[in-house]
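Quick note on labels: first sequence line is chain A, next is B, and so on, each numbered from 1.
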2 protein chains.
Amino acid sequence: MSRQATIKDVAREAGVSTFTVSKALRNQPHVAPETRKRVLRAAARLNYSASKSAAALVSGKTKRVALLIGEQITGWFNGNIQEGVYDVLSTHGYDLLIYRAGTSEERAAFFRNLPAKRNADAIIVVSFTLAQKETKALQELDMPIVAIHSGATSFSQGSIRIDDCESEIEAVQHLASLGHTRFCFLDRFNPLPEYSWGANQRIIGYKKAIDRYHLVDCGVLTMDPDREHPARTAADRIASMTPAPTAICAWSDDCALALLSELRQAEIRVPDVVSIMGFDSSDVAALAGLSSVAQPARDIGAEAARKALQLINGSPLTEPHTQVKTHIIDRATTGPAPRDEGR
Amino acid sequence: MSRQATIKDVAREAGVSTFTVSKALRNQPHVAPETRKRVLRAAARLNYSASKSAAALVSGKTKRVALLIGEQITGWFNGNIQEGVYDVLSTHGYDLLIYRAGTSEERAAFFRNLPAKRNADAIIVVSFTLAQKETKALQELDMPIVAIHSGATSFSQGSIRIDDCESEIEAVQHLASLGHTRFCFLDRFNPLPEYSWGANQRIIGYKKAIDRYHLVDCGVLTMDPDREHPARTAADRIASMTPAPTAICAWSDDCALALLSELRQAEIRVPDVVSIMGFDSSDVAALAGLSSVAQPARDIGAEAARKALQLINGSPLTEPHTQVKTHIIDRATTGPAPRDEGR
DNA sequence: CTGAAAGCGCTTACAG
DNA sequence: CTGAAAGCGCTTACAG
């Protein structure tokens, strides 16, 4: 393969100056339609596409947005955030750069090297609570910051999130309205307490609701992924709880689903004996008929990207900090509390 | 915030030339230890980090690798591929750029605009079967191509994959060795046939195994995510199959898990009456105790990135096209075939 | 509406 | 071991 065509080649081919080529290709005004057409044809003929590096160097705009992910890239939430961010970036000609700050070493390395520096026009931070000096480091990036699901939002020019606490309260309230009084919370299975971005707000909401509506908390469970068959252990514990819960609120759909099949295996019928409510309303939840608190992760990602783009263009955000509503979807794992309450 | 420091600022601060700064900061030889130290200190003091754009422009190396994802970014497989790719890129100072070619419009746009052009040093293509002219377009990128799970591999300089067909054969064989003779296959729920990257190889393997070992295929099921409660419908269909299958092979863990809880709800005990085998061995599978065909997605991603890096450095690949083994993990959803075979 | 020139911030031969 | 100069491929004032 020969070398890539440059703007000069196109200029020569079209018989104009590089200035005109640059203007024409970026759809800028003040180019004669005829000239523009000639340039476009020449560019197509030479298979030309501009070097982003060169453009970035002179314009100071990289046409890239960085997504900094706490914890891990994988998973329903972060995955859908990525989809949403990509949805809007791609339609605006921006590229998506991924950074992960999972383990503490990785995290330290990110803030030490700051690889995003001068390498993107904005950064979106997701599922991340920043330490004091990390905030400072981020500011050094000298680019707009948008936060998704971040504890504090003071360091960002824009943010978007759901209210985890309130959402969980609503879930409990909903189940209480179905007659449930004895509850149990199934916590996330891979807690990284040091990095928590408000993930614990769900359980806080749960406990608040228990108090507020005078319900009974039968206990909080965690599944340990390093043990053999964690879901069965959890199901066994639930079976032996006294009093026995009739409603289970899970931290996520994945937790809920794993438990669900074990409850049924143990012949604790769902929703006849126990109701179970997931969180997220992921694809699998819909497939499996799992009731769940739905959060619009993809929309959240898209909105974050929109904010980033606005910030890049220097327009002030009409609503810098957005809170998104969740809603409860009743599928086949929630129902009225069983009659024989005194089980 | 004032403008970012440039290499000139550092040179002035350290009292050397920009040449020396450049050398020193990139850990290149032929710089006196004393000089290097002085440069590093000056850079730290000014909070300097080199502009990748400028470096890319002159060196021709962007220090970025693009990941082109077929279908969607979300999901266990693509997510873990991303983690693996990131694992090795980040330790080598490379950035990760994401491109998605999901819908056909998006796909067309990608190959029309070729946003990765001159924007990365290599491209990794995942879960993607390319049309003739797409292959040509990709070649125009003029950078090394590494394919993950791609049907044809002729367009790539390196590739890595599992053998979906063989893996499924082994799954069936394993269940047959447990005494099962009547099988059923639960297909993926979001098939995009036009883009299939060999995803259908699993079902082909299933059918091959049925033939080879003289087993009975009781049918192939698909869950339609657009219908109400797809898993229950699938469970009902299985319950009414004659002859009734005693072993179910699922396209993925997610499918399997959704079905599992419904089977148990319908009092079709697993594994007592029916065994079910997932595919992937995802986190949730381990949690839920789902038996599964394990594929090392993260390792595959890492290896693909390693190949890309080698190719970038111009070293020939010792093993350009790698095939990775899967292995079966028996958890709590597979067991011996039930005695009363004539159910 | 179009052009010639300067310059973005680096790296890379070429010298010494 | 270090420096002065050229140049990567664009965009951006400045002219006309």
Side-chain angles (χ1 to χ4, degrees), chain A residues 2-40 42-43 46-64 93 95 115 117-121 142 312, chain B residues 2-40 42-43 46-64 93 95 115 117-121 142 312:
Chain A
S2 58
R3 88 193 196 330
Q4 303 270 359
T6 74
I7 199 172
K8 275 191 185 172
D9 299 322
V10 180
R12 196 178 312 115
E13 178 85 6
V16 296
S17 71
T18 60
F19 165 87
T20 306
V21 174
S22 177
K23 280 274 187 208
L25 256 30
R26 285 178 302 143
N27 279 318
Q28 291 200 353
H30 306 302
V31 179
E34 249 317 307
T35 316
R36 171 162 292 152
K37 223 182 287 171
R38 219 165 56 235
V39 171
L40 289 177
L46 296 177
N47 222 303
Y48 171 77
S49 63
S51 155
K52 284 207 185 190
S53 297
L57 181 56
V58 47
S59 71
K61 298 288 178 193
T62 62
K63 285 278 194 173
R64 278 189 291 271
D95 281 333
K117 197 168 182 179
R118 303 216 250 173
N119 217 358
D121 299 334
D142 204 15
I312 289 173
Chain B
S2 59
R3 88 190 196 331
Q4 303 270 358
T6 74
I7 198 172
K8 275 190 186 174
D9 299 323
V10 180
R12 196 178 313 117
E13 178 86 6
V16 297
S17 71
T18 61
F19 165 88
T20 305
V21 175
S22 177
K23 280 273 185 209
L25 257 29
R26 284 178 303 143
N27 279 319
Q28 290 201 354
H30 306 302
V31 179
E34 249 318 307
T35 316
R36 170 160 295 152
K37 224 181 287 172
R38 217 165 58 236
V39 170
L40 289 178
L46 296 176
N47 221 303
Y48 172 77
S49 64
S51 156
K52 283 208 185 188
S53 297
L57 182 56
V58 46
S59 71
K61 298 289 178 192
T62 63
K63 286 278 194 173
R64 278 190 291 272
D95 281 333
K117 198 168 183 178
R118 303 216 248 173
N119 217 356
D121 300 333
D142 205 12
I312 288 172

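Under the side-chain hydrogen bond (donor to acceptor under 3.5 Å, both in side chains) criterion, A/Lys117 pairs with B/Asn47, not counting sequence neighbours. For A/Ala55, the side chain to side chain contact (heavy atoms under 4.5 Å, CB included) test picks out no residue, with sequence neighbours left out. Taking the side-chain hydrogen bond (donor to acceptor under 3.5 Å, both in side chains) definition, one finds that A/Arg36 meets it with nothing, sequence neighbours left out. The salt bridge (charged side-chain N to carboxylate O under 4.0 Å, His left out) test applied to B/Lys37 returns B/Glu34, not counting sequence neighbours. By the side chain to side chain contact (heavy atoms under 4.5 Å, CB included) test, A/Val58 pairs with no residue at all, sequence neighbours left out. Considering only residues two or more places apart in sequence or on other chains, B/Gln28 meets the side chain to side chain contact (heavy atoms under 4.5 Å, CB included) condition with B/Lys23, B/Arg26. Residues that satisfy the salt bridge (charged side-chain N to carboxylate O under 4.0 Å, His left out) test with B/Asp9, not counting sequence neighbours, are B/Arg3, B/Arg12.
Annotated stems with DNA chain D as a participant read C:1-3 with D:14-16, C:5-12 with D:5-12, C:14-16 with D:1-3, given as range with range, by first number; only runs of 3 or more Watson-Crick or G-U pairs under 3.5 Å qualify.
Residue pairs satisfying the side chain to side chain donor-acceptor pair (under 3.5 Å) criterion with at least one member in residues 48-60 of chain A, sequence neighbours excluded, are listed as follows: A/Lys52-A/Asp95.
With values rounded to the nearest 0.5 angstrom, A/Leu46 atom CG is found 12.0 Å from A/Ile7 atom CD1.
Within 4.0 Å of A/Thr35, counting heavy atoms only, lie sugar-phosphate atoms of the nucleic acid but no base atom. If you check every strand for non-hydrogen atoms under 4.0 Å, A/Arg118 touches sugar and phosphate atoms only.
With a cutoff of under 4.0 Å to any heavy atom of chain A, the contacted region of DNA chain C is bounded 5' to 3' by C/dC1 to C/dC10.
Between A/Ser59 and B/Gly15, it is B/Gly15 whose nearest contact on DNA chain D lies nearer the 5' terminus.
Applying the side-chain contact (heavy atoms from CB on, under 4.5 Å) test between A/Val10 and each of A/Val21, A/Thr20, A/Thr18 identifies A/Val21 as the sole match.
The stretch residues 16-27 of chain A touches DNA chain C through A/Val16, A/Ser17, A/Phe19, A/Thr20, each having a heavy atom under 4.0 angstrom from the strand.
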